Protein chains: 2
Amino acid sequence: MALRHAVLAALLDGEFSGYQLAKAFDLGVANYWYAQPQQLYAELTRLEKDGLIAGREVVQATRPTKRLFHVTDAGLEELEEFTAAAAKPSFIRDDLLVKVQAADHVDLGALIAQLGERAAVAAAKVELFGTLLRGMRGERTEEEFLRQGDRIGPYLTCMRGLAFEQGNRDWCERTIAVLTSRQQAHAPN
Amino acid sequence: MALRHAVLAALLDGEFSGYQLAKAFDLGVANYWYAQPQQLYAELTRLEKDGLIAGREVVQATRPTKRLFHVTDAGLEELEEFTAAAAKPSFIRDDLLVKVQAADHVDLGALIAQLGERAAVAAAKVELFGTLLRGMRGERTEEEFLRQGDRIGPYLTCMRGLAFEQGNRDWCERTIAVLTSRQQAHAPN
DNA sequence: CATAGCATGTAAATTGTTACATGATTCA
DNA sequence: TGAATCATGTAACAATTTACATGCTATG
């Protein structure tokens, strides 16, 4: 039941529809949790049934009718309890790392190509998160914002996302360099 | 079916029992994939049934009988195919980040404590991965090892694990500093 | 003599992924 | 006119987690 709390945390910023949340929890943006649209619609239904969020229909002129949700008092309480309880440790699970683990036994060409793609994706996210951070702090310096801002949660998680993607990018580039030079050494001329 | 390939990749280093793999895929060590013992025993059974690994019984004098597995030719082929296919993008899913996202609405004391715990765990892993890396490269410098070593896959994934945990530790410490100063500012005297 | 480590699993419940389904509007 | 965006779901399947289960040996 962790998605549940991720959704509650996202709804602290205001009212959102399932569709809007789906964009926030998308691979391209999600800086603290990833989830698919289907999961979100299902979770929103459950959360509403349990009274942790409440939704209202918004009929639009040109667009389909949507439902905007916000956190209820019960929802806030649930979040408090969740935050107070011990956090589960984090762990690594990454396809690409599995492939690199097997690097000495497989075709390096395909692997290097995938590392390149991952590096590009990571670099794009670094850009994106940088822009998001600048947008959140506005005119203030980071120090000022973190001292005085009134909604720093998203900023802090975005900082982690940024560092994570920088790490991804740097490691991919380093690994590409290592594997490329070995590829040339073993299959020269 | 990603655990399957993670297990195959792990078995490239030699023969291992389910129990030994369980230690390698444990929270405290896993540098490229995390899995629980139950998952591993189940996956080993499937892999053997599919002919991708083969096991032999080893009767021990004082310890329970164990089964050691190694990758078959079919298993190697499977790994090749997996590595050649496009990798799934990686994503973030972390309880602690969800809690920080909600930082402006919850009790900071408990949150800061959890960030401290996570920082300590991350610092311990930084130590561990550093030791593992030194052990793998032996007398050689990192550059030399990565150029000439004959099993660099595990080294490269361990490098990523190290950087990841450094990122974790640094971010936790920074976040603790930010939240602590705000806690004092909002509830002073 | 209790705890930790060795060694392997089964079963049920929860979560997450993949595929399918619909229908209107805006933009190139 | 075809693709992308808005908007919401259902159903089947795969993966993961949690709880349960056993039994022997070494160590403090």
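In what follows, chains are A, B, ... by sequence order, proteins preceding strands, each numbered from 1. Just so we're clear, the structure is a prediction, and the values are computed from it rather than from any experiment.
Nucleotide D:dC6 holds its C1' atom 16 Å from the CG atom of A:L40, rounded to whole Å. A straight line from CZ of B:R46 to C1' of C:dT10 spans 13 Å, rounded to a whole angstrom. Taking atom CZ of residue A:R4 and atom P of nucleotide C:dT15, one finds them 9 Å apart after rounding to whole Å. When the P atom of C:dC20 is taken as reference, atom CD of A:Q36 falls 15 Å away, rounded to whole Å. Distance CG (B:L44) to C1' (C:dT8): 11 Å, rounded to an integer number of Å. In this structure, NZ of B:K49 is placed 14 Å from P of C:dG9, rounded to the nearest angstrom. Taking atom OH of residue A:Y34 and atom C1' of nucleotide C:dG16, one finds them 9 Å apart after rounding to whole Å. At whole-Å resolution of the value, CZ in A:F69 and C1' in D:dT8 are 10 Å apart.
Residues B:R182 and A:R147 approach most closely at NH1-O, 3.4 Å, considering heavy atoms. Nearest approach of A:A30 to A:F129, heavy atoms of both residues: O-CZ, 4.3 Å.
Backbone-only contact: A:S17 has heavy atoms under 4.0 Å from sugar-phosphate atoms and none from a base. Contacts of B:Q60 with the nucleic acid, taken as non-hydrogen atoms under 4.0 Å apart, involve only primed sugar atoms and P, OP1 or OP2. Backbone-only contact: A:T65 has heavy atoms under 4.0 Å from sugar-phosphate atoms and none from a base.
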Taking only nitrogen or oxygen atoms into account, show me every contact under 3.5 Å that the protein makes with nucleotides 24-28 of chain C, one pair per line with its distance.
residue: C:dT25; atom: O3'; partner: A:T62; partner atom: OG1; Å: 3.0
residue: C:dT26; atom: OP1; partner: A:T62; partner atom: OG1; Å: 2.5

Check the interface with nucleotides 13-15 of chain D: list each N/O to N/O pair with the protein under 3.5 Å, or write none.
residue: D:dA15; atom: OP1; partner: B:M1; partner atom: N; Å: 2.1

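Side-chain contact between B:L162 and B:L132 is absent, with no heavy-atom pair separated by less than 4.5 Å. The side-chain heavy atoms of B:T65 and B:Q60, taken from C-beta on, include no pair separated by under 4.5 Å.
Distances shown here put a side-chain N or O of A:Y19 below 4.0 Å from the OP1 or OP2 atom of D:dC6. The shortest distance between the side-chain N/O atoms of A:K88 and the OP1/OP2 oxygens of D:dT16 is not below 4.0 Å.
The side chain of B:Q38 has D:dA19 as its nearest neighbour among D:dA19, C:dA7, D:dT8.
Atom CD of A:Q148 sits in a crowded spot, with more than 12 heavy atoms from other residues, nucleotides or ligands closer than 6.0 Å. Around the CD atom of B:E144, the shell of radius 6.0 Å holds more than 12 heavy atoms that belong to other residues, nucleotides or ligands.
Defined by atom type and a distance below 3.5 Å, a donor-acceptor pair is present between the side-chain atoms of A:R137 and A:Y155. In the model, B:T157 has a side-chain atom that pairs as donor or acceptor with a side-chain atom of A:Q101 under 3.5 Å.
Going from atom CZ of A:R169 over to atom CZ of A:R174 covers 15.0 Å, rounded to the nearest 0.5 Å.
Ranked by how close their nearest DNA chain C nucleotide is to the 5' end, B:F91 and B:K23 are led by B:K23.
Ring-plane geometry between A:F82 and A:H5 is classed as parallel, the angle between the planes falling under 30 degrees on a 0 to 90 degree scale with a further cut at 60.
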